[in-house]
Q: 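My questions all concern the structure below.
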Amino acid sequence: MRVGGVQGKLDRVLTGAAVLLVLGGVLAVGQVSRTPPQENKAFEPGEPVEQPLPYSHKLHVGLGLKCRDCHTIPDPGDFATYPAEAKCTACHAAIKTDSPHIQKLLAAEKAGEPIAWNRVYQLPEYVYFSHAVHVIDAKVECSACHGDVASRDVLFQEKPISMYSCMGCHTKYDAPNDCELCHDTH
Ligand code: HEC
Ligand code: HEC
Ligand code: HEC
Ligand code: HEC
Ligand code: HEC
């Protein structure tokens, strides 16, 4: 859907109506405040996020593994997902098995208990987001939203995922910015 001309005007009218719907909706559920977020809050990169295992993207991407080998985007495509332990133990059943970290990994797989990775990027529940639309349909690179993951030993939030950062990129790509695109008002 492209926005321009008459369609643009129509969208602006619809956007006005949607603002009321969103505000009504969020107030009804009581999840969020009355006003949309402020535009001019400067973004500060986050602290390194501690993980249950010292997994390094730099090391593993350096081995030739591709992002979507591990982060599959299954239907309906909202999530990029974390890899199953079997993906890791395909190598680590034999590699570095003397490491206590790898022993923990092997034990987790054997027990069928997924490693509880801590989140680096997390939207509030009331925001709709789809990896498939961005990565597969619109061909946006992972790094546009997650930074230079391939050169990091430890991840931290290095790109903003605020409402205005989403909308700023949508404007750049001539993508829609109606409230209900990202907020379910029904
Ligand atoms: C347009 C921005 C954008 C792009 C492009 C993008 N992501 Fe994300 N990613 C996000 C946001 C926003 C979240 C938080 C989602 C949430 O909390 O529901 C996220 C979350 C994740 C997560 C956590 C699990 C999940 O699915 O919520 C992983 C893993 C991830 N992204 C990997 C990737 C990889 C790999 C790529 C490229 C193939 C990629 N992302 C491309 C914005 C993006
Ligand atoms: C393609 C094979 C391969 C895959 C798949 C793989 N790794 Fe590795 N991993 C390696 C190699 C090679 C090293 C470096 C070993 C060394 O230092 O001698 C390593 C090192 C590690 C280390 C550091 C261990 C230590 O104590 O030094 C951790 C932790 C680790 N991997 C976790 C994982 C996790 C978690 C996954 C799955 C998400 C995974 N690996 C998938 C090959 C792999
Ligand atoms: C060998 C498997 C593997 C590969 C390949 C891999 N990742 Fe990951 N990724 C992981 C694991 C395990 C985690 C959880 C630990 C962490 O955050 O470092 C993770 C976490 C992430 C997160 C943080 C998700 C969140 O918000 O909690 C992002 C973003 C991400 N990866 C992007 C990428 C990108 C981009 C690439 C390619 C450049 C990539 N990954 C390649 C295994 C992998
Ligand atoms: C790097 C640029 C970029 C960023 C950042 C970005 N988007 Fe998008 N987004 C796009 C593009 C391009 C499209 C596809 C528009 C089209 O279909 O014409 C899109 C489409 C969408 C759609 C439409 C999905 C559908 O079902 O059609 C939603 C919802 C969305 N984005 C939400 C978000 C949210 C929420 C964020 C912030 C967390 C975000 N986007 C950040 C570029 C971006
Ligand atoms: C492209 C996606 C996108 C669009 C379009 C969008 N939002 Fe948001 N909105 C977000 C994200 C992401 C957040 C959560 C992050 C944040 O607080 O910045 C959010 C948060 C909010 C909040 C909660 C603020 C708080 O501090 O609790 C309100 C209210 C809101 N949006 C209203 C609106 C209204 C009204 C519109 C239409 C003018 C709109 N949004 C359009 C993505 C979007």
Side-chain angles (χ1 to χ4, degrees), residues 1-3 12 14-27 31-39 41 46 48-71 76-85 87-88 90-92 105 114-135 137-185:
M1 179 165 90
R2 300 284 165 198
V3 179
R12 276 193 291 280
L14 289 176
T15 300
V19 170
L20 297 177
L21 275 175
V22 164
L23 296 185
V26 295
L27 286 178
Q31 279 174 316
V32 276
S33 64
R34 191 179 289 263
T35 41
Q38 291 302 300
E39 182 160 13
K41 236 195 291 162
V49 177
E50 216 176 296
Q51 298 292 355
L53 294 179
Y55 171 80
S56 163
H57 276 84
K58 187 178 174 188
L59 186 149
H60 289 86
V61 174
L63 295 173
L65 295 166
K66 299 276 175 270
C67 309
R68 284 173 61 195
D69 290 347
C70 284
H71 301 292
D78 294 0
F79 299 106
T81 71
Y82 296 94
E85 281 62 37
K87 180 83 206 169
C88 316
C91 286
H92 284 293
L105 179 65
I115 304 280
W117 303 111
N118 291 313
R119 295 296 298 248
V120 181
Y121 293 84
Q122 178 106 62
L123 289 168
E125 249 178 58
Y126 59 82
V127 180
Y128 170 67
F129 180 78
S130 161
H131 272 89
V133 165
H134 291 90
V135 174
D137 301 344
K139 310 255 184 297
V140 177
E141 299 283 343
C142 310
S143 59
C145 300
H146 296 305
D148 191 7
V149 169
S151 68
R152 305 280 175 239
D153 283 317
V154 181
L155 300 191
F156 57 96
Q157 193 189 330
E158 50 188 298
K159 294 279 183 178
I161 53 168
S162 67
M163 175 161 144
Y164 286 98
S165 68
C166 309
M167 292 176 93
C169 190
H170 283 199
T171 302
K172 214 165 75 188
Y173 276 80
D174 201 17
N177 262 329
D178 315 63
C179 310
E180 63 211 346
L181 189 77
C182 308
H183 302 295
D184 185 1
T185 57

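In each ligand, atom 1 is the first atom listed, and ligand 1 is the first ligand listed. Counting begins at 1 with the first residue of the sequence. Because only heavy atoms are used, hydrogens play no part in the values below, and waters and symmetry mates are left out as well, while side chains stay in.
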Q: Taking both backbone and side-chain atoms into account, decide whether His134 has an N/O/S atom under 2.8 Å from atom 8 (Fe) of ligand 4.
A: yes
Q: If you count the atoms of ligand 5 from 1 in the order shown, which ones are under 4.0 Å from a heavy atom of Asn177?
A: 1 (C), 5 (C)
Q: Less than 3.5 Å between some nitrogen or oxygen of Trp117 and one of ligand 3, yes or no?
A: no
Q: Pick one of side chain, backbone, both or neither for how Leu181 approaches ligand 4, counting any non-hydrogen atom pair under 4.0 Å.
A: both
Q: Kindly give the heavy-atom pair with the smallest separation between Lys58 and Asp153, and that separation in Å.
A: CB-OD1, 3.7 Å
Q: Looking only at N/O atoms, are Val61 and ligand 3 under 3.5 Å apart anywhere?
A: no
Q: What closest approach, in Å, do Gln157 and Lys159 show between heavy atoms, and which atom pair accounts for it?
A: NE2-O, 2.8 Å
Q: List ligand 5 atoms under 4.0 Å from Ser162, heavy atoms only on the residue side.
A: 18 (O)
Q: So which atom in Ala116 and which in Pro52 form the shortest heavy-atom distance, rounded to 0.1 Å?
A: O-CG, 3.3 Å
Q: Numbering the atoms of ligand 4 from 1, which are under 4.0 Å from a heavy atom of Cys182?
A: 32 (C), 35 (C)
Q: Measure Val127 to ligand 5 on non-hydrogen atoms and call it side chain, backbone, both or neither using the 4.0 Å cut-off.
A: side chain
Q: Run the numbers for me: atoms of ligand 4, each under 4.0 Å from some heavy atom of Val133, listed by number.
A: 20 (C), 24 (C), 25 (C), 26 (O)
Q: Is the contact between Lys172 and ligand 4 made by the side chain, the backbone, both, or neither, using heavy atoms and a 4.0 Å cut-off?
A: neither
Q: Would you check if Val149 and Val61 make a side-chain contact, meaning some heavy-atom pair closer than 4.5 Å?
A: no
Q: Show which atoms of ligand 4 fall inside a sub-4.0 Å distance from at least one heavy-atom site of Val140.
A: 1 (C)
Q: Could you tell me whether Lys66 and ligand 3 have an N or O pair separated by under 3.5 Å?
A: no
Q: Between Trp117 and Val49, is the side-chain contact (heavy atoms from CB on, under 4.5 Å) condition met? List the steps.
A: CA-CA 10 Å; Trp117 303 111; Val49 177; over 6 Å; no
Q: Which heavy atom of Pro160 sits nearest a heavy atom of Ser165, and at what distance?
A: O-OG, 3.3 Å
Q: Identify which of Pro76, Ala132, Ala138 has a heavy atom lying nearest to atom 14 (C) of ligand 4.
A: Ala138
Q: At under 4.0 Å between heavy atoms, is it the side chain or the backbone of Pro124 that contacts ligand 5, or both, or neither?
A: side chain
Q: Do ligand 3 and Gln51 have nitrogen or oxygen atoms that lie under 3.5 Å from each other?
A: yes
Q: Give a yes or no answer on whether the side chain of His60 reaches the backbone of Ser56 with a donor-acceptor pair at less than 3.5 Å.
A: yes
Q: Take His134 and Phe129, measure what ring-ring contact (aromatic ring centres under 6.0 Å, His included) needs, and give me the verdict at the end.
A: CA-CA 9 Å; His134 291 90; Phe129 180 78; 4.7 Å; yes
Q: For residues Tyr121 and Ile161, report the shortest heavy-atom separation together with the two atoms involved.
A: CD2-CG2, 4.0 Å
Q: Would the distance check show the side chain of His170 and the main-chain N or O of Asn177 forming a donor-acceptor pair, the cut-off being under 3.5 Å?
A: no
Q: Flag Cys67 as yes if one of its N/O/S atoms falls below 2.8 Å of atom 8 (Fe) of ligand 3, otherwise no.
A: no
Q: Only heavy atoms count here, so choose which of Pro176, Pro37, Gly168 is nearest to atom 21 (C) of ligand 5.
A: Pro37
Q: Below 2.8 Å, can you find an N, O or S atom of Cys70 next to atom 8 (Fe) of ligand 3?
A: no
Q: Do His57 and Leu155 come within less than 4.5 Å of each other through their side chains, counting heavy atoms only?
A: yes
Q: Tell me whether Glu85 contacts the main-chain N or O of Ile115 through its side chain, where contact means a donor paired with an acceptor under 3.5 Å.
A: yes
Q: At under 4.0 Å between heavy atoms, is it the side chain or the backbone of Met163 that contacts ligand 4, or both, or neither?
A: neither
Q: Ligand 3 versus Cys142, non-hydrogen atoms closer than 4.0 Å: side chain, backbone, both, neither?
A: side chain
Q: Between Asp174 and ligand 4, which part of the residue brings a heavy atom under 4.0 Å of the ligand: side chain, backbone, both or neither?
A: neither
Q: Where on Tyr121 is there a heavy atom closer than 4.0 Å to ligand 3, on the side chain, on the backbone, on both, or on neither?
A: both
Q: Would you please classify the geometry between the His71 ring and the Tyr82 ring as parallel, tilted or perpendicular, with 30° and 60° separating the classes?
A: perpendicular
Q: Tell me if a side-chain donor or acceptor on Asn118 pairs with a main-chain N or O of Glu50 at a distance below 3.5 Å.
A: yes
Q: Applying ring-ring contact (aromatic ring centres under 6.0 Å, His included), run through His183 and Tyr128 and close with a yes or a no.
A: CA-CA 6 Å; His183 302 295; Tyr128 170 67; over 10 Å; no
Q: Can you tell which part of His146 has a heavy atom less than 4.0 Å from ligand 3: side chain, backbone, both or neither?
A: side chain
Q: Check the pair Lys87 / Asp69 against side-chain contact (heavy atoms from CB on, under 4.5 Å), numbers first and verdict last.
A: CA-CA 9 Å; Lys87 180 83 206 169; Asp69 290 347; 4.1 Å; yes
Q: Under 4.0 Å, heavy atoms only, figure out whether ligand 5 is touched by the backbone of Leu123, its side chain, both or neither.
A: side chain
Q: Yes or no on side-chain contact (heavy atoms from CB on, under 4.5 Å) for Leu53 and Leu105, after CA distance, side-chain angles and deciding distance?
A: CA-CA 8 Å; Leu53 294 179; Leu105 179 65; 3.9 Å; yes
Q: With a 4.0 Å heavy-atom cut-off (strictly under), which part of Lys87 contacts ligand 3: side chain, backbone, both or neither?
A: neither
Q: May I ask you to check if any N/O/S atom from Cys166 comes under 2.8 Å of atom 8 (Fe) of ligand 5?
A: no
Q: In ligand 5, which numbered atoms sit nearer than 4.0 Å to a non-hydrogen atom of His170?
A: 1 (C)
Q: Answer side chain, backbone, both or neither: which part of Tyr126 comes under 4.0 Å from ligand 5, heavy atoms only.
A: side chain
Q: Should you measure from each heavy atom of Leu65, which atoms of ligand 3 turn up under 4.0 Å away?
A: 1 (C), 5 (C)
Q: Can you name the atoms of ligand 4, numbered from 1 with element, that are less than 4.0 Å from a heavy atom of Ala175?
A: 15 (C)
Q: Identify, by atom number and element, the atoms of ligand 3 in contact range of Arg119, meaning under 4.0 Å from any of its heavy atoms.
A: 27 (O)
Q: How does Gln122 reach ligand 3, if at all, at less than 4.0 Å between non-hydrogen atoms: by side chain, backbone, both, or neither?
A: neither
Q: I need the atoms of ligand 5 closer than 4.0 Å to a non-hydrogen atom of Cys179, numbered in the order shown.
A: 34 (C), 35 (C), 36 (C), 37 (C), 38 (C), 39 (C), 41 (C)
Q: If you look at His183, which of its N/O/S atoms is nearest to atom 8 (Fe) of ligand 5?
A: NE2
Q: With heavy atoms of Ile161 as the reference, note each atom of ligand 5 found under 4.0 Å away.
A: 12 (C)
Q: Classify the contact between Leu155 and ligand 3 as side chain, backbone, both or neither, using a heavy-atom distance cut-off of under 4.0 Å.
A: side chain
